[in-house]
Amino acid sequence: MKSWVEISEQRLTANYKLLAKTAGEGTSVLAVVKANAYGHGATVCAPVLARAGAEWLGVTDVTEGAEVRAALTAAGLQPRILVMSGLLADDADAVVQYGLTPIVWSRRQMEWLAEAIGRSGSELPVAVHLEIDTGMARQGVALGEELREVLRWLGGQRRLWLDGVMTHFASAEVAGSAQTLDQQRRFEEAMREVAEAGLRPGWVHAGNSSTIDNNADAEAGSLVWLRRLAAASGARAMVRPGLGLYGYCLAIESANGVGEVAQPQVRPGLLPVMAWKSRVIGCREVGPGNTVGYNAIFVAQRAMRLALVPVGYADGLRRELSGSNAHAGGWMMVRGQQAAIVGRVSMNLTVVDVTRIADVAVGDEVVVLGDGITAEDHARLARTIAYEIVCGVRASSQLVGD
Ligand SMILES: *Cc1c(COP(=O)(O)O)cnc(C)c1O
């Protein structure tokens with residue numbers, strides 16, 4: 001195996017518990033394991049999160065939902081599974097078959113589900129969670145006539161039931177965001193329509209990792225607002241962290257985009273869960289003038305010892321981590337020390353400088369991403385966010401104890 005991902009069961013559990021504690025009593029915490037648990041392995045992480053206390057897990061689509069359901073069942077666990085990224089006609093049978101709960105926003109999607117229940121011969125209605133578009137303009141039903149029409153249709157039939165109503169914030173990491181306040185007002189309006197339609201959802205949910213991090217216990221914060229809104233509807237409140245579970249969280253930003261403001265509630269206590277590892281497959285000595293890798297962007301200025309690691313951009317190691325003489329790039333951890341990447345990161349191979357690290361040999365373990373080199377380090381060098389870095393890692397996961 002050229003590289004693999006080790007998942008710390010203790011850290012994943014601790015992160016879930018920290019997020020749940022900060023979210024506060026009375027707010028359930030759905031654990032988002034979509035996108036293969038942000039590159040960490042959904043079937044590996046889902047049972048750990050369910051054992052940590054998650055009543056709900058969030059997946060991308062019905063395919064991932066079926067895989068996660070199988071992993072949970074094998075572990076003797078039965079949390080509910082929310083399908084978060086859309087529903088097409090082809091997906092409806094799997095919703096019924098695997099006991100999934102889809103996010104829906106159109107009458108057509110609900111008709112597909114009703115037909116699937118008819119085909120299955122089941123007498124049990126299927127639960128759906130209705131997404132309200134409060135400002136993201138991605139998924140969700142629009143306020144006004146579109147929402148009223150969907151609610152009327154739902155109220156008039158028995159094969160589906162409205163188990164949840166939810167929305168998603170566009171600027172959760174912005175302190176005192178006017179956009180979030182605006183979205184909250186729209187969501188309140190949607191909840192009034194739901195009540196007027198005579199529907200009584202069991203769950204009302206909104207918010208992500210940053211919602212918990214950003215003013216979790218403040219009177220004006222989104223979580224206090226959510227708890228009150230859910231209570232007023234006789235429903236349970238729920239928040240949906242993803243990235244925080246895996247040990248990362250965006251910095252809280254000020255509304256005008258300058259500097260970091262507000263006291264983060266969970267960010268300092270989160271621990272990265274993923275250690276992406278590989279092994280040295282070659283070592284060599286080079287002298288002054290020796291060029292390294294494609295296009296010779298790095299030229300040795302002195303005698304150096306180099307180690308070759310069988311990981312590259314095909315595996316999700318960003319090419320922006322390449323190191324030239326003019327610009328230092330990323331690094332890996334070898335024998336607990338930083339080994340700078342020299343030359344271009346190529347498809348499946350990367351060269352690191354181990355001149356100052358004693359006794360490096362073929363077969364030595366290398367940390368590509370983990371303690372000593374975080375997803376935030378990779379993100380800074382690649383000019384992106386930690387989300388994209390961890391989601392991009394392509395290696396199989398295994399659970400490890402600390
Ligand atoms: C991905 C996602 C989340 C989790 O967001 P994080 O920022 O990773 O905590 C929550 N809700 C919805 C609707 C999402 O799509």
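First listed ligand is number 1; within each ligand, the first listed atom is number 1.
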Taking the basic N atoms (NZ, or NE/NH1/NH2) and the acidic carboxylate oxygens, is any pair closer than 4.0 Å for Arg107 and Glu111?
yes
Leu229 versus Met191, closest heavy-atom pair with distance
CD2-CG, 3.9 Å
Atoms of ligand 1 close to Pro241 [distance to a heavy atom under 4.0 angstrom, numbered from 1]:
9 (O)
Number the atoms of ligand 1 from 1 as they appear, then name those within less than 4.0 Å of a heavy atom of Met84, with their elements.
2 (C), 11 (N), 12 (C), 13 (C), 14 (C), 15 (O)
I'd like to check whether Leu243 has a polar contact with ligand 1, where a contact means an N/O of the residue lying under 3.5 Å from an N/O of the ligand.
yes
Search all heavy atoms of Leu19 against all heavy atoms of Val29 and return the closest pair with its distance.
O-CG2, 4.5 Å
Write out the residue and atom name of the closest protein heavy atom to atom 1 (C) of ligand 1, then the distance separating them to 0.1 Å.
Lys34 NZ, 1.5 Å
Where does Arg240 meet ligand 1, judged by heavy-atom distances below 4.0 Å: at the side chain, the backbone, both, or neither?
both
Between Glu188 and Trp225: side-chain donor-acceptor atoms closer than 3.5 Å:
yes
Contact check, side chains of Trp112 and Asp91, non-hydrogen atoms, under 4.5 Å:
no
Atom 7 (O) of ligand 1 has as its nearest protein heavy atom Tyr387 OH, 2.5 Å
Using the ring centroid of each side chain, check whether His378 and Trp276 are separated by less than 6.0 Å.
no
For Tyr38, the ligand 1 atoms whose distance to one of its heavy atoms is below 4.0 Å
1 (C), 4 (C), 5 (O), 6 (P), 8 (O)
Identify whether the distance between the nearest side-chain nitrogen and carboxylate oxygen of Asp93 and Arg119 falls below 4.0 Å.
yes
What residue and atom, counting heavy atoms only, is the protein's closest point to atom 9 (O) of ligand 1, and at what distance?
Ser209 OG, 2.5 Å
Nearest heavy atom to atom 5 (O) of ligand 1: which of Ile385, Asn208, Val239, Thr167 does it belong to?
Asn208
